[in-house]
Protein chains: 2
Amino acid sequence: MGADVVDGVLAALADPTRRHLLDLLSEHGQATATTLAVGLPVSRQAVVKHLAVLDAAGLVDSTKVGREVRYSVRSAALDATARWMAALAAEWDRRLARIKRIAEAAERDSR
Amino acid sequence: MGADVVDGVLAALADPTRRHLLDLLSEHGQATATTLAVGLPVSRQAVVKHLAVLDAAGLVDSTKVGREVRYSVRSAALDATARWMAALAAEWDRRLARIKRIAEAAERDSR
DNA sequence: CAGTTGTGCAACTCTGGAGTTGCACAACAG
DNA sequence: CTGTTGTGCAACTCCAGAGTTGCACAACTG
């Protein structure tokens with residue numbers, strides 16, 4: 001699994017405004033930067049920049065229709081990151097269990 | 001599920017140095033800031049700050065032993081965030097499917 | 001055609017966070 | 001007790017990124 005994908009998604013999700021943006025997008029399915037900016041306490045330009053970040057992370061898709069650009073949510077990258085995270089948590093558990101086993105064995109030997 | 005927990009975890013994981021730190025910790029199971037700083041291109045103080053962030057996010061646990069502080073990985077918060085993310089991805093899929101259904105119905109009516 | 005509206009581009013400000021250094025203090029070893 | 005070593009605290013520097021404004025340009029509407 002591409003580590004850079006995970007990297008991009010994590011960096012993108014770190015910002016509250018971008019998470020809110022994704023929330024709005026998933027509600028409406030389709031929206032332009034101008035429309036999205038109305039429901040947010042920031043300017044349209046700020047929204048455009050955030051959408052660019054989300055686009056680079058693969059969390060959002062853009063389509064030009066006439067003079068406007070419609071954005072929509074893409075779940076693939078998020079899903080991949082969720083799987084990566086779950087695998088990481090499992091890996092930690094595995095390592096912790098192994099270390100605990102070794103520690104117990106060492107203690108048993110010392111007695 | 002606490003949204004602030006997810007928030008903290010995402011913010012914590014956004015930094016590459018912190019992810020590397022977590023990786024090192026899960027390998028050794030136990031480590032002090034001084035020890036960890038050796039394998040990283042940053043000072044001990046920088047490591048201490050990162051560990052403080054990870055601690056606040058619940059990703060790391062600290063224990064005082066004599067004059068040194070030992071850190072260890074905690075998988076609970078990461079696991080919770082992974083579940084949250086998977087649920088979010090599923091939610092997006094659900095909404096997208098619903099919107100697609102509506103769009104197709106509208107198209108069928110217009111014909 | 002003229003007027004309106006949505007985007008894109010560029011140049012700025014400004015704050016948060018990553019990193020550093022220096023020093024004081026507590027906990028060891030001899 | 002004396003010297004050494006690991007942490008903690010505080011005051012800095014520095015820069016990426018979040019946000020802004022202003023303007024030019026393309027795309028619709030009448």
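Labels below follow one simple rule: chain letters A, B, ... track the order of the sequence lines, proteins then strands, and each chain is numbered from 1. Hydrogens, waters and symmetry mates are skipped; everything else that's a heavy atom, side chains included, is used.
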- Message: Within the structure provided, determine whether Tyr71(A) and Val47(A) are in side-chain contact (heavy-atom separation under 4.5 Å).
- Response: no
- Message: So, using side-chain contact (heavy atoms from CB on, under 4.5 Å) as the criterion, who are the partners of Arg70(A) when residues are at least two apart?
- Response: Gln30(A), Thr32(A), Val65(A), Glu68(A)
- Mind checking whether Arg95(A) and Arg98(A) have side chains closer than 4.5 Å, heavy atoms only? no
- Note on the structure: All heavy atoms of Trp84(A) vs all of Arg19(B), minimum pair found to be CH2-CD, 4.3 Å
- Query: Just how far is it from atom CG of Leu88(A) to atom CG of Asp93(A), taken to the nearest 0.5 Å?
  - Reply: 10.0 Å
- Please identify each residue that fulfils side-chain hydrogen bond (donor to acceptor under 3.5 Å, both in side chains) with Asp55(A), with sequence neighbours left out. none
Pick out the pairs of N or O atoms, protein on one side and nucleotides 8-13 of chain C on the other, that lie under 3.5 Å.
{"unit_1": "dG8(C)", "atom_1": "N7", "unit_2": "Arg44(A)", "atom_2": "NH1", "d": "3.4"}
{"unit_1": "dG8(C)", "atom_1": "N7", "unit_2": "Gln45(A)", "atom_2": "NE2", "d": "3.4"}
{"unit_1": "dG8(C)", "atom_1": "O6", "unit_2": "Arg44(A)", "atom_2": "NH2", "d": "2.9"}
{"unit_1": "dG8(C)", "atom_1": "O6", "unit_2": "Gln45(A)", "atom_2": "NE2", "d": "3.4"}
{"unit_1": "dC9(C)", "atom_1": "N4", "unit_2": "Gln45(A)", "atom_2": "OE1", "d": "3.1"}
{"unit_1": "dC9(C)", "atom_1": "N4", "unit_2": "Gln45(A)", "atom_2": "NE2", "d": "2.8"}

- Message: Go nucleotide by nucleotide along DNA chain D from the 5' end; which of Arg67(A) and Pro41(A) gets its closest nucleotide reached first?
- Response: Pro41(A)
- Cationic N near anionic O, under 4.0 Å, Arg94(A) to Glu91(A): yes
- So if you build clusters from Ile, Leu, Val, Met, Phe, Trp, Tyr with side-chain heavy-atom gaps below 4.5 Å, do Leu51(B) and Leu24(B) land together? yes
- Message: I'd like to know if Leu10(A) and Val5(A) are part of one continuous hydrophobic network [Ile/Leu/Val/Met/Phe/Trp/Tyr, side-chain heavy atoms within less than 4.5 Å].
- Response: yes
- Note on the structure: Angle separating the five-pair end axes of the helix from dC1(C)-dG30(D) to dG30(C)-dC1(D), nearest 10°, is 30°
- From Asp7(A) atom CG to Thr81(A) atom OG1, the distance as rounded to the nearest 0.5 Å: 9.5 Å
- Item | Nearest-nucleotide 5' precedence on DNA chain D, Glu68(A) against His50(A) | His50(A)
- When rounded to the nearest 0.5 angstrom, what is the spacing between CG in Leu36(B) and NE2 in His20(B)? 10.0 Å
- Specify the residues of residues 10-38 of chain B, ordered by number, for which at least one heavy atom lies under 4.0 angstrom from an atom of DNA chain D. Thr32(B), Thr34(B)
- Query: What are the residues of residues 51-62 of chain A, sorted by number, that bring a heavy atom to within less than 4.0 Å of DNA chain C?
  - Reply: none
- So do Leu13(B) and Leu78(B) actually touch side chain to side chain, heavy atoms under 4.5 Å? yes
- Do Val69(A) and Leu25(A) belong to the same hydrophobic cluster, where Ile, Leu, Val, Met, Phe, Trp and Tyr are linked whenever their side-chain heavy atoms lie under 4.5 Å apart, directly or via other members? yes
- Ser43(B) side-chain N/O to dG19(C) phosphate OP1/OP2 under 4.0 Å: no
